[in-house]
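Working notes for the structure below.
Everything numeric here is computed off the predicted structure, so don't read it as measured data. In the text below, chain A, chain B and the rest are named by the order of the sequence lines, each starting its count at 1.
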Amino acid sequence: MKESVRILVGEGLERCFADGSLSSGVMPPVVIEKPAHEEHGDFACNVAMAMAKAERKAPRQIAETLVKYMEDRDGIIESIEIAGPGFINFRIANAAWCRTLGAIEAAGADYGTSRAGGGSKVQVEFVSANPTGPLHIGHGRGAAIGDTICRLLAATGWDVTREFYYNDAGAQIANLALSVQARCLGIEPGDPRWPADGYQGEYIKDVARSYLDRETVDAGDQHVAGAGDPNDLDAIRRFAVAYLRREQDQDLLTFDVHFDVYFLESSLYTEGRVEAAVNRLIENGHTYEQDDALWLRTTDFGDDKDRVMRKSDGSYTYFVPDVAYHLAKWERGFVRVINEQGADHHSTITRVRAGLQALNAGIPQGWPEYVLHQMVTVMRGGEEVKISKRAGSYVTLRDLIDEVGRDATRFFFLMRKPDSQLVFDIDLAKQQSLENPVYYVQYAHARICSIFENAAEKGIAVPSFASAAMERLGTAEEMAIVKLLASFPEVVEGAAQAFEPHRITYYLQELAGSFHSFYNKNRVITEDMELAGARLFLLACVVRTLKNGLALLGVSAPEKM
RNA sequence: GCGCUCGUAGCUCAGCUGGAUAGAGCAUCAGACUACGAAUCUGAGGGCCGGGAGUUCGAAUCUCUCCGAGCGCGCCA
């Protein structure tokens with residue numbers, strides 16, 4: 001509908017230019033927006049004000065000329081008014097609004113989707129937790145946001161690859177192996193023999209026990225049996241990584257998050273990609289040696305200081321495989337790559353991009369794109385729960401799902417802009433009541449399903465769009481619903497473009513609210529079969545849209561609660 | 001000290017990428033079920049959009065500068 005208005009204005013402008021009524025000849029961007037106040041109509045256009053300077057005319061005068069040239073071929077306009085400093089306000093006819101509902105019936109589960117992405121490839125990397133412990137609440141937020149961004153992109157016509165980067169090499173993994181080994185030998189934290197910076201969590205004990213018991217672990221395509229030998233550090237490392245990966249996989253499965261590709265950091269070394277990337281950087285002259293280390297001149301690419309690539313002990317710093325990894329992404333044909341990660345890793349952005357530029361591989365400057373989510377603070381019993389992996393005290397994603405449920409957990413994580421910090425009050429989320437907006441939305445869905453059941457018992461079927469008497473709709477409550485329904489595709493498109501899943505959660509709350517208001521004021525099933533049919537059809541559209549919206553969030557739409 | 005993010009009602013947060021008179025939920029107060037699910041609805045109060053300056057027809061939104069919060073600033077990942 002918004003698009004129809006945009007075309008209406010655009011064509012009007014063209015005609016004005018064609019016959020000289022407007023002289024500047026510069027086509028301005030036509031912005032159509034929804035006014036904040038209802039008396040300003042359904043849509044407003046500010047183009048007359050934007051053109052005032054170029055045209056050297058008063059905005060209202062331009063608006064009046066333009067309005068004369070607009071031709072409402074589809075018969076959607078109720079009225080056009082010029083208001084305020086020069087806004088053109090459009091009011092859409094109720095009948096035209098109601099016609100948009102036909103699209104919902106026709107599209108069904110696809111309502112809200114678009115082809116904006118044109119089938120182009122996009123890769124989204126998210127979670128990418130180190131296999132050194134269970135997923136915590138921060139990973140949960142990343143999983144929910146990343147997964148929903150994938151769903152949004154897929155819904156708007158992108159060919160999405162979901163990827164998990166697996167840090168199975170490097171110092172943290174060595175540290176993990178040492179920690180498990182210590183537990184195998186019965187050494188506890190605090191013991192002088194306990195490894196420095198060892199992982200102290202209880203789960204390390206579980207890994208050790210399982211290893212000593214020679215259990216077999218299946219993770220992805222790996223099957224690793226515990227060797228049971230506490231002196232075989234390499235075997236312990238392989239087993240621990242597989243064990244913890246299996247735990248993470250199970251958590252993600254429970255959370256309904258799936259990946260297409262698990263990319264192993266270790267493969268970058270075995271395939272020589274790290275060496276190749278380093279050599280290329282050296283050849284391109286962006287490196288230098290100092291203090292027995294190899295440095296990358298990242299300051300040439302906007303970093304505030306240069307970074308060490310190869311330490312004096314010969315090993316690489318973490319960002320080197322990161323650069324090699326992203327080069328591999330580029331070579332795999334992903335012109336668009338989005339990395340979803342915690343804001344505590346934001347400093348890697350400059351470094352990775354700098355490294356990629358220094359490779360001189362034709363990679364655009366702003367590539368890859370990043371979505372950073374801010375930290376999650378966990379509250380329990382009115383107290384903040386401190387998260388410390390080393391000390392082993394933190395709220396895991398699994399704990400959360402067990403306590404709060406998958407739907408509420410996902411919805412809570414998605415309710416806020418990724419940019420803002422999130423306070424996850426476990427006690428609050430556990431209350432399955434008003435506090436939880438997810439129940440509000442789901443309740444609307446269940447309530448409508450119940451109405452349908454009731455109608456069916458009375459032998460009243462939900463009519464098709466063609467046979468429904470749509471002209472019978474027209475109350476303020478009904479029209480509010482219709483207009484919201486019509487805007488769903490734009491909301492999805494906007495959320496996908498901005499990587500902002502929270503827009504969907506707000507939309508769904510609003511749609512549910514508009515239904516609840518309608519419901520409390522109007523009866524659906526009445527003696528007037530024509531009106532009942534039209535309202536049932538309207539509610540069928542609401543159910544459809546609630547379901548599609550919830551699906552984008554990975555939240556279920558129950559028929560009974 | 002430097003960088004990133006944020007600062008909007010008592011609390012938790014939106015604000016459609018610069019629009020008209022600032023928006024929800026919770027909390028508070030006052031109301032609504034002898035018919036489709038009261039996990040709901042209707043109404044009221046509540047604001048220096050952190051402070052100041054600038055950009056322009058127009059700023060919560062863009063720029064600068066202070067103040068405050070979180071995160072990052074290692075030859076850790």
> For the pair made of CZ in A/F518 and P in B/rG37, what is the distance, rounded to whole Å?
Replying inline: 14 Å
>> Under the salt bridge (Lys or Arg N to Asp or Glu O under 4.0 Å) definition, can you give me all pairs with a residue in residues 448-462 of chain A, not counting sequence neighbours?
In response: A/E453-A/K560
> Is a donor-acceptor pair below 3.5 Å formed from side chain A/H345 to base B/rG72, judging by atom type as modelled?
Replying inline: no
>> I want to confirm an ordering. Mapping A/S517 and A/Q290 to their closest nucleotides on RNA chain B, which one lands closer to the 5' end?
In response: A/S517
> Can you tell me how far P in B/rU65 sits from the matching atom in B/rG1, rounded to whole Å?
Replying inline: 14 Å
>> For RNA chain B, which residues of residues 532-548 of chain A approach it to below 4.0 angstrom with any heavy atom?
In response: none
>> By the 4.0 Å heavy-atom rule, please label A/A444 as base, sugar-phosphate, or nothing.
In response: nothing
> The side chain of A/S312 lies closest to which of these nucleotides: B/rC75, B/rC41, B/rG37?
Replying inline: B/rC75
> So what's the dot-bracket for RNA chain B: Watson-Crick or G-U pairs under 3.5 Å, [ ] if a pair crosses, | if it pairs off-strand?
Replying inline: (((((((..((((.....[...)))).(((((.......))))).....(((((..]....))))))))))))....
Using atom types as modelled, flag every donor-acceptor pair under 3.5 Å from a side chain in residues 481-490 of chain A to any protein atom, sequence neighbours excluded.
residue	atom	partner	partner atom	Å
A/K483	NZ	A/D42	OD1	2.8
A/S487	OG	A/L484	O	2.8

> Base, sugar-phosphate, or nothing for A/N522, non-hydrogen atoms under 4.0 angstrom?
Replying inline: base
Filtered N/O pairs between nucleotides 20-22 of chain B and protein, under 3.5 Å:
residue	atom	partner	partner atom	Å
B/rA20	N6	A/N89	OD1	2.6
B/rA20	N1	A/N89	OD1	3.4
B/rA20	N1	A/N89	ND2	3.1
B/rU21	O2'	A/H37	NE2	2.8
B/rU21	O4	A/E39	OE2	2.7

Are any protein N/O atoms closer than 3.5 Å to N/O atoms in nucleotides 6-12 of chain B? If there are, list each pair with its distance.
residue	atom	partner	partner atom	Å
B/rC6	OP1	A/D419	OD2	3.1
B/rU12	O2'	A/R416	NH2	2.4

